[in-house]
> 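Below: one structure in structure tokens.
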Amino acid sequence: MKRKPVDIRDLLTYRYPENLTYSPDGKVLAFSLAKPDEEKNNYHRDIYLIRKGKPVQLTSAFSSSIVFFKDDTHLVIRRVREESEPGITVLYEIDINGGEAKEWIRLPFALNKIIRINETSYALTGVIDKNDPDGYKKDGETRKKEAEEKKKAGSVTVVDEIPYWFNGAGFTNGNRTALFILNEEKKNKIKRITSAKFNVDDMIVEDGKIFYTGNVQDTKQNLYNRVFCYDPETSKKEVLYKKEDHEIYGLMKLNDRLLAFASDMKEFGVNETPDLVEIKDGKIITILDPHRQLHSSVVGDTLLGGGKGVVKNSNEIFAIATEEDRSVIWKFDESFEKHVLFDEPGLVSMIDVNDEKIAFVRETSTSLGEIYEMNKDGSKLKQLTHFNEECLKDKYIALPQRVDYESGEFKLHGYVLLPENYGKKKKVPAVLDVHGGPRCVYSEAFFHEMQVWVSRGYAVMFTNIPGSDGRDDEFADIRGKYGTIDFDALMAFTDKVLEIYDGIDPKKVCETGGSYGGFMTNWIITHTDRFCAAASQRSISNWISMSFISDIGPYFGPDQCGAEGLYGDENTRIMWERSPLRYAKNCKTPTLFIHSDEDYRCPIPEGMQMMQALAANNVETRMVIFHGENHELSRGGKPLNRIRRLKEISDWFDAHTK
């Protein structure tokens, strides 16, 4: 039987599980399921429940997502309604045993997080304007009037701090995340706890007290934060860690000890792996160096995200970790000894834990995201959902073929996906795909764009080069080495693949990548002519300009280039030396540029500079700009835009290989 090809538009058939959440009694597992809506060009989310191993749909009328379990039988959810008032968060309560969702509370700010304190009180974090910190107290009529006056004044944005925008959030100038207390029984239900300029980074509730991290942010972002405790009963605030010398997040209480993840970023820069630490007596005490990032760094394009990566349960910590070219599940017991619970090829994207089970979303080389459950010791693995089996049924899916190679001091490996016709007819073209990050990894999990290229007759090759995650910090640390050992590894990998698979036409090898992979694409086309075509996506071309316009630029640019700061001739020289734009005159490779106009991580001028430099030198080039999209276009952009993006790249490769 002839198998069907994976088509670009198959994206519209995929389903995306999100936000796995056990009920407090552990009897029910709730989650959201997102599906593309072609007509509205967005995603519709329904809430499902799993009882006794079987999924049942709970909501359908409105696109809904889970906020938290209010008790064993009541979920608090958000609904996406077209008539929703900007800046207002409306939460609904729904009985999981049946009945319609009813409005629970209307909050006069954009909610980030909510945690129950007791029967009537909740801790919340939400967005305020530092210049109008009590604006949330205004009544609806006043807010409406101010919005109309602002509209009459014209479309104007004022910025006076950095970052003034943030990828996925738009212009954030003046915005701060504040801590609030909500008391359902009081007339003035909501009370702000933090000051106007204070920005809350993380927040938990334990034993009736609120523990949180953050710092005052005036006109410049502070990478370091402090740790606080607030007692709602006494209104007393205590500073538990007052030094500004660590990035601290992931607060949790374990056996009455306040734990967190923390990094001083001194040895390996901003990408350094954080330690598990205890906050005690005003000090940070290192408990454990996990040697791995405790989250999934695996990149893909068939999951939308949303969900927990680290969960504290009783006296144990459960975490996703990135190990080599896969994400795994670890447990740390009371003595912080590590136990490997799940370690299989592919991807684990989110977890939750109750007293007996661990639930997680997993992808393999032949399956999209589905929910699995296993015992807390890692035994008796069971697949609970089968939402994506039909859309891949009878499709030709290429399985990853491992390729081992060496580059310099490194022993590395990558993978090749072969088209169904490989070895039967004439030689086939190929695509080298470079991941972002750089501290990310490719796995053996299903990757839609790669399978699309396979279905078009391409061999696809991908690898994890120095700078990638999955190993120790020494391997991931390529500060000051961009375009050197990473470039050498990619070329060595390409050479090895062509040596092993002589059915690939070496004159018809294309190359692409996004973010860091976009930087590498720009570097590759200015340092070799071996590729017949390239597609540079959400790229960096000029470290100097990137450092002054990106939401992370002021610290990320100098740090990754190995410069001591933004200013001075020596720092400028170092950043320019690592910039592909400097070498643009060497480029002869036909290159497509893909950028989004709301990408504030790798802003659109980075692609424009490179594209214009090539065009001025009579190199064949083209730029496709997606309006209203950001850095996440390929993974979480509007469905039709994701389809158009992949079609542009695929057609560009076809035009230069077929």
Side-chain angles (χ1 to χ4, degrees), residues 15-126 136 139-140 143-144 180 182-187 189-190 304 306-308 350 352 354 359 361 371 384-387:
R15 300 295 179 260
Y16 307 89
E18 300 175 320
N19 293 314
L20 300 183
T21 308
Y22 277 113
S23 59
D25 61 8
K27 294 180 180 179
V28 175
L29 177 63
F31 63 95
S32 299
L33 187 71
K35 60 182 179 182
D37 184 330
E38 182 175 8
E39 183 179 345
K40 295 182 178 179
N41 196 21
N42 59 18
Y43 299 92
H44 179 91
R45 288 170 168 83
D46 295 316
I47 296 174
Y48 282 72
L49 306 173
I50 296 180
R51 283 191 176 104
K52 298 180 180 180
K54 295 182 179 181
V56 178
Q57 188 170 340
L58 180 66
T59 66
S60 61
F62 296 98
S63 185
S64 305
S65 58
I66 296 169
V67 179
F68 72 108
F69 266 101
K70 192 176 181 183
D71 54 41
D72 292 337
T73 59
H74 291 85
L75 263 177
V76 174
I77 66 174
R78 295 191 207 213
R79 282 179 162 184
V80 178
R81 303 176 66 136
E82 293 178 0
E83 68 272 21
S84 295
E85 187 179 343
I88 299 295
T89 301
V90 183
L91 299 181
Y92 297 82
E93 182 180 325
I94 187 169
D95 190 328
I96 64 173
N97 293 314
E100 292 292 323
K102 300 176 182 179
E103 185 174 316
W104 175 53
I105 197 162
R106 189 174 290 258
L107 301 171
F109 50 76
L111 176 71
N112 289 338
K113 192 174 186 180
I114 179 170
I115 304 176
R116 190 171 198 157
I117 301 173
N118 53 43
E119 289 298 316
T120 59
S121 298
Y122 299 82
L124 305 85
T125 56
Y136 69 94
D139 58 48
R143 283 196 299 270
K144 183 179 179 181
F180 296 90
L182 164 66
N183 192 314
E184 290 185 282
E185 294 184 337
K186 291 185 178 180
K187 183 178 180 181
K189 293 183 177 182
I190 302 170
L304 292 179
K308 296 180 281 288
M350 66 192 79
D352 200 20
N354 65 15
V361 171
I371 299 173
L384 300 181
T385 66
H386 303 269
F387 293 113

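Side chains included, hydrogens not; waters and symmetry mates left out as well; all remaining heavy atoms used. Sequence positions, counted from 1, serve as the residue numbers for this chain.
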> Between K308 and T21, does a side chain to side chain contact (heavy atoms under 4.5 Å, CB included) hold up when you go through it step by step?
CA-CA 9 Å; K308 296 180 281 288; T21 308; 4.2 Å; yes

> Could you grab the distance from atom NE2 of H74 to atom CZ of F69, nearest 0.5 Å is fine?
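Going from the NE2 atom of H74 to the CZ atom of F69 covers 11.0 Å.
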
> Quick check: closest heavy atoms across D352 and L20, and the distance to 0.1 Å?
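Minimum heavy-atom contact is CB-O, 3.6 Å.
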
> Are any non-hydrogen side-chain atoms of R15 and P36 less than 4.5 angstrom apart?
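Contact flag for R15/P36 side chains = yes.
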
> Between I371 and F31, is there a side-chain heavy-atom distance shorter than 4.5 Å?
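In contact.
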
> Which pair of non-hydrogen atoms, one from P108 and one from R143, has the smallest distance, and what is that distance?
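Minimum heavy-atom separation between P108 and R143: CB-NH1, 3.8 Å.
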
> Once you round to the nearest 0.5 Å, how far does CZ of R45 lie from CG of L304?
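These two atoms lie 5.5 Å from each other.
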
> Assess whether side chain to side chain contact (heavy atoms under 4.5 Å, CB included) is satisfied between L91 and R106, documenting all intermediate values.
CA-CA 6 Å; L91 299 181; R106 189 174 290 258; over 6 Å; no

> Give me the atom names and distance for the closest heavy-atom approach of V361 to P17.
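Looking at all heavy atoms of both residues, the closest pair is CG2-CB, 4.0 Å.
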
> Give the C-alpha distance, both sets of side-chain angles, the deciding distance and a yes or no for side chain to side chain contact (heavy atoms under 4.5 Å, CB included) between R51 and I96.
CA-CA 11 Å; R51 283 191 176 104; I96 64 173; 3.5 Å; yes

> Heavy-atom count check: over 12 atoms from other residues, nucleotides or ligands less than 6.0 Å from E103 CD?
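Buried by this count: over 12 neighbours within 6.0 Å.
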
> Would you say Q57 and Y48 are linked by a side-chain donor-acceptor pair, where the criterion is simply a distance under 3.5 Å?
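Present: a donor and an acceptor within the cut-off.
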
> Cation-pi check, R79 to Y92: give yes when NZ or CZ is under 6.0 Å from the six-membered ring centre and within 45° of the ring axis, no otherwise.
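Yes, cation above the ring, under 6.0 Å and within 45°.
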
> How close do D71 and R116 get, counting heavy atoms only, and between which atoms?
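The pair with the smallest heavy-atom distance is N-NH1, 4.4 Å.
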
> Anything under 30° is parallel, anything over 60° is perpendicular, the rest tilted; go ahead and classify F180 against F109.
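Answer is parallel, since the angle falls under 30°.
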
> State whether a side-chain donor-acceptor pair under 3.5 Å links H44 with N42.
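The criterion, which ignores hydrogens and geometry beyond distance, is not satisfied for N42 and H44.
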
> Just verifying a value: how many Å separate L384 CG and L29 CG, rounded to the nearest 0.5 Å?
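Those atoms lie 7.0 Å apart.
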
> Between T89 and L111, is there a donor-acceptor pair closer than 3.5 Å when you use the side chain of the first and the backbone of the second?
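Side chain of T89 to backbone of L111: a pair is present.
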
> Of all heavy-atom pairs between D72 and P24, which one has the smallest distance, and what is that distance?
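Where D72 meets P24 most closely, the heavy atoms are OD1-CB, 3.1 Å.
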
> To the nearest 0.5 Å, what is the distance between CD (E184) and CD1 (I190)?
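Taking CD in E184 and CD1 in I190, the distance rounds to 11.0 Å.
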
> I88 and L107: side chain to side chain contact (heavy atoms under 4.5 Å, CB included), yes or no, with the steps?
CA-CA 6 Å; I88 299 295; L107 301 171; over 6 Å; no

> To the nearest 0.5 Å, what is the distance between CD1 (I66) and CG (L49)?
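Reported value, rounded in 0.5 Å steps: 7.5 Å.
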
> Could you verify whether a donor N or O on one side chain and an acceptor N or O on the other, from S23 and D25, lie under 3.5 Å apart?
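Result is yes, a qualifying pair exists.
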
> Between K70 and E93, is there a salt bridge with N-O shorter than 4.0 Å?
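Result for this pair is yes, salt bridge flagged.
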
> Is any side-chain heavy atom of V28 closer than 4.5 Å to a side-chain heavy atom of I50?
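Counting from C-beta outward, V28 and I50 never come under 4.5 Å.
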
> Which atom pair, heavy atoms only, marks the closest approach of F62 to D46?
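Heavy atoms only, the tightest pair is O-OD1, 4.4 Å.
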
> Without swapping roles, check the side chain of T120 against the backbone of E185 for a donor-acceptor pair under 3.5 Å.
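Side chain of T120 to backbone of E185, a donor-acceptor pair under 3.5 Å: no, none is there.
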
> Between CG of N118 and CG of N183, what distance do you get to the nearest 0.5 Å?
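Rounded to the nearest 0.5 Å, the CG-CG separation comes out at 7.5 Å.
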
